[in-house]
Asker: 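Quick one: the structure is below, and I'll ask about it shortly.
Just so you know, these numbers come straight off a predicted model, no measurement behind them. Just so it is clear: chains get the letters A, B, ... in the order the sequence lines come, proteins before strands, and each one is counted from 1.
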2 protein chains.
Amino acid sequence: MEVGTVITEQQQRAARYAKALGHPVRMYVIELLSKQSCCYSGDISDELPIAKSTLSQHLKELKDAGLIQGEIELPRIKYCLNRENWNEAKLLFKQFFDV
Amino acid sequence: MEVGTVITEQQQRAARYAKALGHPVRMYVIELLSKQSCCYSGDISDELPIAKSTLSQHLKELKDAGLIQGEIELPRIKYCLNRENWNEAKLLFKQFFDV
DNA sequence: CATTTAATTCGTAGATTTACGAACAAAGGT
DNA sequence: ACCTTTGTTCGTAAATCTACGAATTAAATG
């Protein structure tokens, strides 16, 4: 029996988003991006006491989960929420908590 | 500089809940419990194709995160949502997504 | 063409997660 | 007393996560 036959696609997607949000730094980044539309890696790096490379990894995780996207704006990279997926996450969590 | 001086208490708590929800099995369990008030470990074990010990670990994580609580009802254990923390999580995520 | 800037990728180490089966615990039934 | 039922805990292995500094990339600038 496959796990995927019992656990719905929605549950799996919600879990994927939850996992991406499951670290204080990533929660901070997403909340920042949901307030102001975009920001640069350096802006975050200035605020948080972690190595740039560590931040980069967290950003990559958020990107892999589909919650953010980066746009090259040399010499920097502008990060924004991926609105489409953000809305999906929002909906999934709304349904999840309201059931 | 401490991470805790930049990242709010709320963000850290939200991240903690998100992390607990960041696995399909745990998402499934919580959704089950939010629909029907309580259930037994065996009920879940019958549905999901994972070892009982694995399920037990997931339940422990949810318990440690404060999302569920177990009540002994021998020979079984009745698991229910921890309503207080569930409501907190609900609120945190609501605020998080609505910002 | 070398330098500077901004950020990623690489290499690595330690911690945590996920999973399983075997062993164990606790109470009720035989 | 022993067996059954229901779950947990233990031991273990593989995978993933978190973090850092060093090395690298890529384009603009001097």
Asker: Check for a donor-acceptor pair, side chain of B:Ser45 on one end and backbone N or O of B:Gly42 on the other, with a separation under 3.5 Å.
Answerer: no
Asker: Given atom CG of B:Asp46 and atom C1' of D:dT6, what is their separation to the nearest angstrom?
Answerer: 11 Å
Asker: Within residues 18-29 of chain B, find the residues that approach DNA chain C with a heavy atom at under 4.0 Å, and present them sorted by residue number.
Answerer: B:Lys19, B:His23, B:Arg26
Asker: For B:Arg16 and C:dT17, give me the distance from atom CZ to atom C1', rounded to whole Å.
Answerer: 12 Å
Asker: From A:Gln69 CD over to A:Tyr79 OH, what is the distance, rounded to the nearest 0.5 angstrom?
Answerer: 11.0 Å
Asker: Output every pair passing salt bridge (Lys or Arg N to Asp or Glu O under 4.0 Å) with a member in residues 76-85 of chain A, not counting sequence neighbours, ordered by first then second residue.
Answerer: A:Glu73-A:Lys78
Asker: Looking only at non-hydrogen atoms, find the nearest pair between B:Ser34 and A:Phe96 and report the distance.
Answerer: OG-O, 4.3 Å
Asker: In residues 55-76 of chain B, which ones come under 4.0 Å of DNA chain C, going by heavy atoms?
Answerer: B:Gln57, B:His58, B:Glu61, B:Leu74
Asker: Just checking B:Thr54: base, sugar-phosphate only, or nothing, at a heavy-atom cut-off of under 4.0 Å?
Answerer: base
Asker: Roughly how many Å is it from CD1 in A:Ile50 to P in D:dC20, rounded to a whole number?
Answerer: 7 Å
Asker: Should A:Leu32 and A:Trp86 be regarded as members of a common hydrophobic cluster, given that ILVMFWY residues are connected when their side-chain heavy atoms come within less than 4.5 Å of each other, either directly or indirectly?
Answerer: yes
Asker: Axis-to-axis angle across the helix from C:dC1-D:dG30 to C:dT30-D:dA1, five pairs an end, to 10 degrees?
Answerer: 10°
Asker: Rounded to the nearest angstrom, tell me the gap between atom CD1 in B:Ile44 and atom C1' in D:dT6.
Answerer: 13 Å
Asker: I want to verify a distance call: between D:dC20, C:dA7, D:dT8, whose nearest atom is closest to the A:Tyr79 side chain?
Answerer: C:dA7
Asker: B:Tyr28: what forms a ring-ring contact (aromatic ring centres under 6.0 Å, His included) with it, not counting sequence neighbours?
Answerer: none
Asker: Between B:Glu61 and B:His23, does a side-chain contact (heavy atoms from CB on, under 4.5 Å) hold up when you go through it step by step?
Answerer: CA-CA 11 Å; B:Glu61 281 215 37; B:His23 189 286; over 6 Å; no
Asker: Any non-hydrogen side-chain atom of A:Leu67 less than 4.5 Å from a side-chain atom of A:Leu21?
Answerer: yes
Asker: Kindly state each residue pair satisfying disulfide bond (SG atoms under 2.5 Å apart) with at least one member in residues 57-99 of chain A, sequence neighbours excluded.
Answerer: A:Cys38-A:Cys80
Asker: Mark yes or no for a side-chain to base donor-acceptor pair under 3.5 Å between B:Ser41 and D:dG7, with no hydrogen or angle criteria applied.
Answerer: no
Asker: Assess whether side-chain contact (heavy atoms from CB on, under 4.5 Å) is satisfied between A:His58 and A:Leu62, documenting all intermediate values.
Answerer: CA-CA 6 Å; A:His58 284 303; A:Leu62 289 172; 5.6 Å; no
Asker: How long is the line joining OH of A:Tyr40 and P of C:dA6, in whole Å?
Answerer: 11 Å
Asker: Whole angstroms only, please: what is the NZ-P distance between B:Lys52 and C:dA19?
Answerer: 16 Å
Asker: Check this for me: A:Ile72, atom CD1, are more than 12 non-hydrogen atoms of other residues, nucleotides or ligands nearer than 6.0 Å?
Answerer: no
